[in-house]
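A short worksheet on the structure shown next.
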Amino acid sequence: MKKIALAFVAMFTAFSTFSQGVVKQSTSGFDVDQTNIPHGRVDSASYKSTTVGTARKITIYTPPGYVSTKKYPVLYLLHGIGGDEKEWLNGGKPQVILDNLYANKRVEPMIVVMPNGRAMEDDRATGNIMAPDKVQAFATFEKDLLNDLIPFIEKNYPVYTDREHRAIAGLSMGGGQSLNFGLGNLDKFAWVGGFSSAPNTKAPAELLPDPAKAKEKLKLLFISCGDKDGLLRFSERTHTYLSENGVPHIYYIEPGVHDFKVWKNGLYMFSQLLFKAVDTTTFSQYKYAANEPG
Ligand code: FER
């Protein structure tokens with residue numbers, strides 16, 4: 001009996017080292033700045049865009065302990081329709097969320113690039129942010145990202161340049177962009193996340209005409225949304241299509257509306273899964289459950 005019990009313990013230990021288990025939703029304090037831990041760095045930079053014909057701004061977060069002699073994977077993190085390259089920083093405090101996760105050794109060191117996803121000459125979020133030319137600029141950003149920004153990052157920062165070390169995620173319009181660009185360029189991205197994705201998300205059959213290819217190439221596809229978000233149907237229809245076509249993905253619906261509470265939790269959960277071994281058999285276990293008190 002003892003031997004059998006020991007064998008079970010050994011087996012369980014072996015399995016648990018291979019899979020990292022289900023990442024839980026954020027708990028209180030996850031977005032609170034801690035003074036007694038190492039901090040990453042937030043910088044601004046700009047790159048020359050041949051797509052737009054201007055110098056375009058980015059915000060960039062490098063992790064605690066960052067050294068230019070190492071190589072890092074990259075997460076491109078995209079904003080919403082009212083935002084710009086500072087939206088995540090101002091509204092989502094990704095540097096605080098990630099500093100805290102690093103302090104608990106919960107994320108792989110990575111560089112986070114927060115661009116301006118409105119690829120047009122005047123890319124400020126002013127005037128009518130819903131104007132057709134401004135909405136179109138969110139689609140144009142695909143070219144700017146692939147042809148201008150990614151080459152700029154790879155030339156100027158110590159990063160890996162293969163698809164398995166490149167992730168894309170975003171909120172709302174940026175979620176739609178991430179799904180469109182990520183799934184549309186599987187040779188460039190292996191990790192894709194859409195938080196509360198907007199109506200710019202392509203219709204499923206156009207978004208993913210070849211589900212078998214996605215199944216083969218994707219490391220992680222993460223879709224989250226608040227249950228009271230007016231845009232929920234865009235995540236829902238994508239999820240339904242993915243399920244019908246057997247494309248593994250995490251579908252995480254949590255209590256919430258169209259705001260940073262949901263997007264911060266999206267970043268919190270998605271970032272912990274990145275650039276690690278992924279166990280797709282755990283994906284079905286991603287269900288919202290209220291945190292236990294205390
Ligand atoms: C729309 C509703 C919402 C839309 C875009 C949004 C382009 C984007 C919201 C956001 O980014 O927060 O009809 O059309």
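Atoms within a ligand are numbered from 1 in the order they appear, just like the ligands themselves. Positions are given from 1 along the sequence.
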Margin query: Going by the closest heavy atom to atom 10 (C) of ligand 1, which one wins out of Gly176, Gly170, Ser172?
Written below: Ser172
Notebook entry, point to check: Does a salt bridge link Asp84 with Arg118, judged by any charged N lying under 4.0 Å from a carboxylate O?
Noted result: no
Margin query: Tell me whether ligand 1 is touched by His258 - counting only heavy atoms on the residue side and a distance under 4.0 Å.
Written below: yes
Check: Does any N or O atom in Gly80 lie less than 3.5 angstrom from one in ligand 1, N or O only?
Finding: no
Margin query: Before you tell me yes or no, could you show the steps for Asn116 and Ile58 under side-chain contact (heavy atoms from CB on, under 4.5 Å), namely the whole-Å CA-CA distance, both residues' side-chain angles and the distance that decides it to 0.1 Å?
Written below: CA-CA 6 Å; Asn116 181 312; Ile58 56 170; over 6 Å; no
Notebook entry, point to check: Is any N or O atom of Met173, backbone or side chain, closer than 3.5 Å to an N or O atom of ligand 1?
Noted result: yes
Check: Does any donor atom in the side chain of Ser196 or Trp263 lie under 3.5 Å from an acceptor atom in the other side chain?
Finding: yes
Margin query: Less than 3.5 Å apart, any donor N or O on the side chain of Ser49 or Asp148 sitting next to an acceptor on the other?
Written below: yes
Notebook entry, point to check: For atom 13 (O) of ligand 1, which protein heavy atom lies nearest, and how many Å away is it?
Noted result: Pro199 CG, 3.7 Å
Check: Any side-chain heavy atom of Gln25 within less than 4.5 Å of one from Tyr288?
Finding: yes
